[in-house]
2 protein chains.
Amino acid sequence: MQTKRLPRAVREQQMLDAAVRVFSKRGFHAANMDEIAELSGVSKPMVYAYHGTKDELFLATLRRECSRLIEHIIALADASLPPDQQLWRGLKGFFEFVGAHRDGWSVLYRQARSLEAFSAEVTDMRRNIIQVIAHRLDVALQLEGRQVRPEDLAAQALSLVGASESLADWLADHPEEDPGRTATRLMNAIWMGAEQLLQGKTWKPQTP
Amino acid sequence: MQTKRLPRAVREQQMLDAAVRVFSKRGFHAANMDEIAELSGVSKPMVYAYHGTKDELFLATLRRECSRLIEHIIALADASLPPDQQLWRGLKGFFEFVGAHRDGWSVLYRQARSLEAFSAEVTDMRRNIIQVIAHRLDVALQLEGRQVRPEDLAAQALSLVGASESLADWLADHPEEDPGRTATRLMNAIWMGAEQLLQGKTWKPQTP
DNA sequence: ACGTAACGTTACGCGCGAGTAAGTTCAATT
DNA sequence: AATTGAACTTACTCGCGCGTAACGTTACGT
């Protein structure tokens, strides 16, 4: 290959790009630094020079992918929209991101959550999302004059997130599937509920 | 320690018990065979003699925990019950199992799913469960004279499983929580749906 | 045009843990 | 009580992969 020398900032990003791919393909432990280095078009000590240890490199990739995901979602799910529209847009944004960044998703979840050293990081992020969802649900409920126990709110939000992750996994393995379609399916599952489905009621996006 | 010598069958089970604990505590890679051996009250070569390589040992523990889980669930979710009761009992069985076998659950999911070498195994199991759920849902729909596209059925089942896993994770970290209560919360989330919740409608078990 | 600092390399140290060879002790069978 | 084989141990080998020391090279400011 033998490409040009590059400024640090650029090389750092290339390394993160490489890291995402390798970590997602091999898993944290099986991934080795030489492969990541090679994929960044550079040799191993450079990776250590720019990103420290393997753990630190992993954390860096994790954080980058994570913030990209969050940004993409919050840009879409405007809190002033009606609840189902908020949910719909948020989900659509989420699935679009997963569809477009398969391996980023994999690094975030498959890997990080199962590793003692990193689970705290991703658990925090997850808790934040869940809290936001629970809060918005709470607002919607209060507008209707309802009151629900906090644990039940949390359970609802947790279910939603779990279901989303599950469909996201599936989406990551099905390139041909449209993210919007997946989001719609999830709306039917979580917004309408199984009972409604049995009665033939389905949810449809108002504005396609 | 220096306990008595034990027949192979017994020792094998002790090894699996130890393996579940260590794999769940440390993760597959970080777990080392010496620790598992020690926890089984025996030295490393015995583990190799009885269970082969580390991979094979992991697979053995995975399979044992897995079949225990499945058996426990199908024993409860009788197909002749009405749909919501099937779901309710299946979920209750599932959460009871998770509550009683925390580390078994961890080995099954956190670890196995993120490891290339084992993901196939657990994915197969998962696919089976999803298919069963989708099928029973289909039966229920046909009794109502409805028809739903297979992918939508699958998505509904997938959401349910994802939400269950999510709550199971939460339950595994909250010893004080009653599994039945968690199951009820999930029924509210997935059976009633968020829209119903907003309207103040909740699901309650008929027979406590 | 030349010094220097950032970019980059080759080649190794070293610990850890999977897996094994060779030998020992106990308990059941004859 | 001798035998035999299953249960169990100690004490290694060996490769892999993280992390680094020591050493080149190119761009860029002056």
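Throughout, a chain's letter reflects where its sequence line sits, starting with A, and its residues are numbered from 1. Remember, predicted model here, so these are calculated numbers, not experimental data.
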Item checked: Under 4.0 Å protein heavy-atom contact, by nucleotide of nucleotides 11-23 of chain C - B base, S sugar-phosphate only -> ------SBBBB--

Check: Have D78(A) and S80(A) got a donor and an acceptor in their side chains that come within less than 3.5 Å?
Finding: yes

Checklist line | Value in whole Å for how far the P atom of dA5(C) lies from CZ of R8(A) | finding: 16 Å

Checklist line | Any Y50(A) side-chain N or O less than 4.0 Å from OP1/OP2 of dA6(C) | finding: no

Checklist line | Whole-Å distance separating the CG atom of L57(A) from the P atom of dG17(D) | finding: 16 Å

Checklist line | Distance in angstrom units between M15(B) CE and dC8(D) C1', rounded | finding: 10 Å

Check: So, are E165(B) and R126(B) salt-bridged, with charged N and O less than 4.0 Å apart?
Finding: yes

Note to self: Over 60° means perpendicular and under 30° means parallel, so tell me whether W105(A) and F94(A) are parallel, tilted or perpendicular.
What the structure shows: perpendicular

Can I get a per-line list of side-chain donor-acceptor pairs under 3.5 Å for residues 41-49 of chain B, giving both atom names and the distance, sequence neighbours left out?
none

Next item on the list: Specify whether F58(B) and F118(B) have parallel, tilted or perpendicular ring planes, treating 30° as the upper limit for parallel and 60° as the lower limit for perpendicular.
Entry: tilted

Notebook entry, point to check: Can you give one letter per nucleotide of nucleotides 24-30 of chain D, going 5' to 3': B for a protein heavy atom under 4.0 Å from the base, S for sugar-phosphate only, - for none?
Noted result: BBBS---

Check: Tell me: CZ of R11(B) to P of dA27(C), nearest whole Å?
Finding: 12 Å

Notebook entry, point to check: What do you reckon, is NE2 of H135(A) surrounded by more than 12 foreign heavy atoms closer than 6.0 Å?
Noted result: no

Check: With no hydrogens and no angle check, do the side chains of R64(B) and Q13(B) hold a donor and an acceptor under 3.5 Å apart?
Finding: yes

Notebook entry, point to check: Can we say R68(A) and E65(A) salt-bridge, meaning some charged N sits less than 4.0 Å from an Asp/Glu carboxylate O?
Noted result: yes

